[in-house]
Amino acid sequence: MSTSTTTEVKLPPPEPREAILTRRYVILLFALTLGLVGIPLWYYTTLIYRAPLAYDKMDYYDQHMKNDFHIETLVHLNIGDEFPDIVPATQLVVDRRLDERLGDRKGWRLKMAKGCVPNEYCVNLYVADDNTYAVSEYGRDIFISYTENTLASNQLPEFIAETLLDNVFDQEIDLFKGVDDETSKKVIAYSPKYHLTFSLFSQGGSPVSWEIADALESYFIPFKDELMRVANFTIDTQVQFYSTLSVEPKQADGEFVLTQDDLSTFVNFAEWSLSSIHSYPTLNFILFIPSPANSPLVIQGSQTNSFLIPQWGGVSILNTDVTKTAHLTKEQLLPVLETFTSQLLSLLGAPTLPKSPIIRIDSLSRVSTLRALLAASSSLGSLHRLSKSLPDIAIPKSVLASVDASLGAISQSLAALKSGNWMTSEAITSAGVAMTQAHNAFFEKMMVQQAFFPEEHKVAVYLPLLGPVCVMILLGLMRFKKELKN
């Protein structure tokens with residue numbers, strides 16, 4: 001007789017309903033937290049702020065600045081009622097000749113008026129035996145003499161226009177036509193502020209001094225005050241001894257001659273202390289005194305014994321025996337400062353003719369205004385192209401503020417030019433602000449540091465944090481779904 005045994009299997013007690021509900025609530029809470037807090041937090045912490053720039057205006061000025069630039073210079077004719085039609089007749093000739101010369105670029109104009117006004121351009125007419133002209137060496141007066149035959153044949157307006165456009169304002173018109181092409185490589189880029197360093201370099205070790213402070217106060221400061229209409233200037237001076245040359249001059253006919261090829265290596269940058277600590281451009285002007293062993297030192301083909309270094313400064317060589325003349329008076333420094341003044345105007349981009357410094361500074365003011373506006377509009381256009389090519393680059397609010405300030409300054413400068421207020425320095429001051437603000441916007445440090453931030457970097461940073469959390473929530477949701485199904 002067989003017997004059978006039954007093994008009783010005890011099943012675990014069912015999970016309490018409260019525990020199941022608690023687990024479900026925890027899973028749902030994690031999911032909701034991730035969806036309502038985690039993902040939005042991840043999105044906003046990785047969002048790149050791009051300030052809403054005025055791209056339309058930026059592109060407009062970048063493309064149309066040459067056409068929007070309008071400057072009008074007022075020229076008075078010192079005449080009475082005996083020539084009632086000379087002003088409109090001269091205006092017609094001037095406009096026709098300017099149209100032929102400038103072509104599509106009609107932004108530079110002369111406006112003729114009757115009667116002279118102090119400190120403005122004035123044409124004084126005289127009857128003489130020949131048709132001649134002369135320009136004041138210090139002011140804005142133009143003197144034109146004409147014959148009776150010229151007046152009778154109605155050729156006087158043509159002669160006045162020819163004198164103004166082909167002689168007085170000739171080089172300014174050429175600068176206006178080619179200012180954006182930078183045809184003159186010696187001109188330093190425009191800046192609202194420059195630093196000038198006047199240096200005395202003595203090749204030997206004999207003690208020498210110079211009355212540079214008195215000379216600058218007497219001869220240069222009045223000129224600098226006139227240049228304040230163009231830019232601000234700071235000045236310092238220095239004296240250095242044992243300034244050896246980096247080039248060996250050639251001896252001929254009892255002189256030591258520097259050829260034009262030697263001038264490029266004349267300045268000894270390795271040993272001469274010429275470094276600048278200023279953030280704005282520095283122009284150096286060097287008075288070099290050769291040692292008795294290398295004297296007289298002359299520059300081949302130079303009447304002033306000086307030369308210009310493009311975009312850097314100028315050098316003037318003074319042959320004097322410092323063992324006998326150990327002190328240079330301000331009178332001795334006068335021709336040197338005249339040379340430095342001419343070199344400074346050339347480096348800033350002023351025309352060389354006419355000789356009147358006032359007229360040259362006037363032309364420099366107008367041309368520099370155009371240079372600054374072109375630089376500002378070009379920087380704004382480059383900023384827009386950069387932002388389009390790099391959609392992930394950040395554009396902070398500081399860039400927006402700089403762009404708005406630049407656009408406002410451009411509008412003010414153009415309005416001042418159109419109203420003829422270029423002599424009050426309002427136009428060039430606003431143009432300088434526009435150029436500075438546009439430069440600050442383009443080279444904003446936050447944009448330079450974050451030139452490009454790819455999306456892959458976000459995944460690499462946040463995946464170690466979000467990955468485990470998402471896996472846990474996903475597995476919990478799968479279990480929750482299975483329980484509901486059972």
Side-chain angles (χ1 to χ4, degrees), residues 182 184-191 193-210 212 215-216 220 233-252 255-322 328 332-350 352:
E182 292 295 335
S184 180
K185 300 300 181 182
K186 67 182 179 181
V187 177
I188 191 171
Y190 175 75
S191 172
K193 194 172 185 179
Y194 297 94
H195 182 76
L196 307 180
T197 297
F198 294 90
S199 305
L200 173 61
F201 282 80
S202 177
Q203 189 176 12
S206 301
V208 60
S209 61
W210 58 340
I212 186 62
L216 290 174
F220 188 78
F233 295 87
T234 57
I235 299 175
D236 67 2
T237 63
Q238 65 172 339
V239 179
Q240 293 189 34
F241 301 98
Y242 299 103
S243 304
T244 59
L245 293 174
S246 57
V247 60
E248 189 67 28
K250 301 175 179 61
Q251 190 171 6
E255 296 179 335
F256 294 87
V257 181
L258 292 171
T259 64
Q260 295 298 320
D261 294 334
D262 296 332
L263 301 182
S264 60
T265 56
F266 178 87
V267 178
N268 191 344
F269 291 98
E271 299 181 10
W272 296 2
S273 177
L274 294 168
S275 59
S276 175
I277 60 174
H278 302 279
S279 59
Y280 42 92
T282 297
L283 294 173
N284 295 273
F285 297 95
I286 299 175
L287 175 59
F288 183 82
I289 300 179
S291 64
N294 286 336
S295 185
L297 182 64
V298 298
I299 300 175
Q300 188 179 49
S302 174
Q303 296 180 351
T304 60
N305 213 26
S306 62
F307 64 95
L308 194 70
I309 302 177
Q311 301 183 15
W312 188 84
V315 177
S316 180
I317 299 175
L318 179 62
N319 290 295
T320 182
D321 190 355
V322 294
L328 300 177
Q332 291 175 301
L333 294 175
L334 173 58
V336 176
L337 287 182
E338 289 179 345
T339 299
F340 288 160
T341 299
S342 179
Q343 291 174 341
L344 175 59
L345 286 175
S346 298
L347 288 168
L348 294 177
T352 58

Distance (rounded to the nearest 0.5 Å) between [X] [atom1] and [Y] [atom2]:
| X | Y | atom1 | atom2 | answer |
| --- | --- | --- | --- | --- |
| Tyr242 | Ser202 | OH | OG | 9.0 Å |
| Ile299 | Glu255 | CD1 | CD | 12.0 Å |
| Ile317 | Ile289 | CD1 | CD1 | 11.5 Å |
| Phe220 | Phe233 | CZ | CZ | 7.0 Å |
| Ser199 | Leu287 | OG | CG | 9.5 Å |

Would you say the side chain of [Y] lies within less than 4.5 Å of the side chain of [X], judging by non-hydrogen atoms?
| X | Y | value |
| --- | --- | --- |
| Leu258 | Phe307 | no |
| Ile286 | Phe266 | no |
| Leu333 | Phe198 | no |
| Ile212 | Leu200 | no |
| Leu347 | Tyr194 | no |
| Phe285 | Leu337 | no |
| Ile309 | Gln343 | no |

Test item: [X] side-chain N/O and [Y] main-chain N/O as donor-acceptor pair under 3.5 Å:
| X | Y | result |
| --- | --- | --- |
| Thr339 | Pro335 | yes |
| Gln300 | Thr259 | no |
| Ser264 | Asp261 | yes |
| Asn305 | Leu297 | yes |
| Gln238 | Ser273 | yes |

Practice item. List for me each residue that meets side chain to side chain contact (heavy atoms under 4.5 Å, CB included) alongside Asn268, sequence neighbours excluded, and say none if there are none. Key: Thr244, Ser246, Ala270, Glu271, Trp272
Review point. Step by step, would you call Thr304 with Glu338 a side chain to side chain contact (heavy atoms under 4.5 Å, CB included)?
Key: CA-CA 10 Å; Thr304 60; Glu338 289 179 345; over 6 Å; no
Exercise for review: Please lay out, stage by stage, how Trp210 and Leu318 fare under the test side chain to side chain contact (heavy atoms under 4.5 Å, CB included).
Suggested key: CA-CA 13 Å; Trp210 58 340; Leu318 179 62; over 6 Å; no
Check your understanding: Name the one of Pro249, Ser295, Pro290 that satisfies side-chain contact (heavy atoms from CB on, under 4.5 Å) with Phe256?
Key -> Pro249
Practice item. For a side-chain contact (heavy atoms from CB on, under 4.5 Å) with Ser276, tell me which candidate from Leu283, Asn284, Thr282 qualifies. Key: Thr282
How close do [X] and [Y] get, heavy atom to heavy atom, and via which atoms?
| X | Y | result |
| --- | --- | --- |
| Leu308 | Pro310 | O-CD, 3.7 Å |
| Val315 | Phe340 | C-CE2, 4.5 Å |
| Ser206 | Phe241 | O-CE2, 3.4 Å |

Review point. Has Tyr280 got more than 12 heavy atoms of other residues, nucleotides or ligands less than 6.0 Å from its OH?
Key: yes
Point to revise | Pairs meeting criterion salt bridge (Lys or Arg N to Asp or Glu O under 4.0 Å) with involvement of residues 277-291, two or more places apart | key: none
